[in-house]
Protein chains: 2
Amino acid sequence: MAAERGLKMTPQRRAIIRFLESTNAHPTPDEVFAAVNVDFPMTSRATVYNTIAWLKEAGMLRELFTPDGVRLDPNFGEHHHFVCRVCNRIEDVGFDLVPNLGICALPNQNSIEEFEITIRGVCANCRAQLSIT
Amino acid sequence: MAAERGLKMTPQRRAIIRFLESTNAHPTPDEVFAAVNVDFPMTSRATVYNTIAWLKEAGMLRELFTPDGVRLDPNFGEHHHFVCRVCNRIEDVGFDLVPNLGICALPNQNSIEEFEITIRGVCANCRAQLSIT
DNA sequence: TTGATTGCAAACGGTTTGCATGGGA
DNA sequence: TCCCATGCAAACCGTTTGCAATCAA
């Protein structure tokens, strides 16, 4: 497993990683806390935050900053995001679905290293709901 | 002025709007609080937050969610952002500089209404600093 | 064994809220 | 005049910190 880089493993960390690997959603730290405590009771919030920081440092986790606070993004591969304006759910969007931006240079000589696209709209689920109503 | 939509104007609101119109940076609410209190002392934090909410509702202000918390984006026109990974400064990037994404449809029937691009890299200033060192 | 990790509870900082006062329309 | 906006201070809530006990290596 990717975390085995000579770093100390604990049952709590294992449980947190297991949960993050199992989801394709974008949980809040508190949702991680709640989920992990279902099958591994007695994991403190502090440990959840510690582990998040540790995983971020190891490059195994990204954070998304949203109007409702931080959300975790355990998806390894490069990807963008779709945000539904109805249910606020975040979906990953494959990097390849978006044509590579033609930007090679900005007018002010800023160097471009990477870019991230957030697409907003209404997800398929919510569209279905809306058309029924 | 754009805020005159039959909404009540107060000296505090005027001062806050004046400051926001004068900057092309992306201040935090607290920076607005500090700046406004220079020329208009006795504007409370609550009023700053109230006014921000009011301006957001009126569509005159966007919020950006960053690792260092909320930043305000008073720029009216559609635009994207460049974030310098060295100084963390945010620069606006003209909408027209980025070729319109060729995305017409996502594979899952999500409807696309808008998109926002965050470009990361090193800004011209910081590049200059770095090459000196 | 030993230093890193843990749980707990307190501290922290940005934001929101409740309420009495004040001021714009 | 009549609400709406204001200032103040307390409440709130997600996150961080300090510390003693525990545990992985």
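Naming: A, B, ... by sequence-line order, numbering from 1 per chain.
Note on B/D30: nothing from the nucleic acid sits closer than 4.0 angstrom, heavy atoms only. Using a 4.0 Å heavy-atom criterion, one finds that B/T43 contacts the sugar-phosphate atoms exclusively.
When distances run from any side-chain atom of B/Y49 to the nucleotides C/dG3, D/dT6, C/dG14, the shortest one goes to C/dG14. Side chain of A/S44, nearest nucleotide from C/dG7, D/dG7, C/dG3: C/dG7. Comparing C/dG7, C/dG23, D/dG7 by their nearest atom to the side chain of A/Q12 picks out C/dG7. Ranking D/dT6, D/dT15, C/dT6 by closeness to the A/T10 side chain, first place goes to C/dT6. Listed nucleotides: D/dT17, D/dA24, D/dT15. Nearest to the side chain of A/A46: D/dT17. Distances from the side chain of A/M9 to the nucleotides D/dC8, D/dA25, C/dT15 place D/dA25 closest.
Rounded to whole Å, atom P of C/dT5 lies 15 Å from atom CD1 of A/I52. Look at CD on A/E57: it is 15 Å from C1' on C/dT5, rounded to the nearest Å. One can place CE of A/M42 at 15 Å from C1' of D/dC23, the figure rounded to the nearest angstrom. Between the CZ atom of B/R45 and the C1' atom of C/dT17 there is a distance of 16 Å, rounded to whole Å. Rounded to whole Å, the distance from CZ on A/F33 to C1' on D/dT16 is 15 Å. In this structure, the CG atom of B/N50 is 12 Å from the C1' atom of C/dG18, given to the nearest Å. Rounding to whole angstrom units, CZ of residue B/F65 and C1' of C/dG14 are separated by 13 Å. Nucleotide D/dC2 holds its C1' atom 8 Å from the NZ atom of B/K8, rounded to whole Å.
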Mind running side-chain hydrogen bond (donor to acceptor under 3.5 Å, both in side chains) on B/H80 and B/D92 for me, showing each step along the way?
-> CA-CA 6 Å; B/H80 301 296; B/D92 290 346; over 6 Å; no
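For the pair A/T47 and C/dG7, the criterion of a side-chain N or O lying under 4.0 Å from OP1 or OP2 is met.
Taking each heavy atom of B/V93 and B/H81 in turn, the nearest pair found is CG2-C, 3.8 Å.
Between B/I119 and B/V83 the shortest side-chain heavy-atom distance does not fall below 4.5 Å.
Ion pair A/R71/A/E63 not flagged as a salt bridge, since none of the NZ, NE, NH1 or NH2 atoms sits closer than 4.0 Å to an Asp/Glu carboxylate oxygen. The pair B/R120-A/E114 meets the salt-bridge criterion, since a charged nitrogen lies less than 4.0 angstrom from a carboxylate oxygen.
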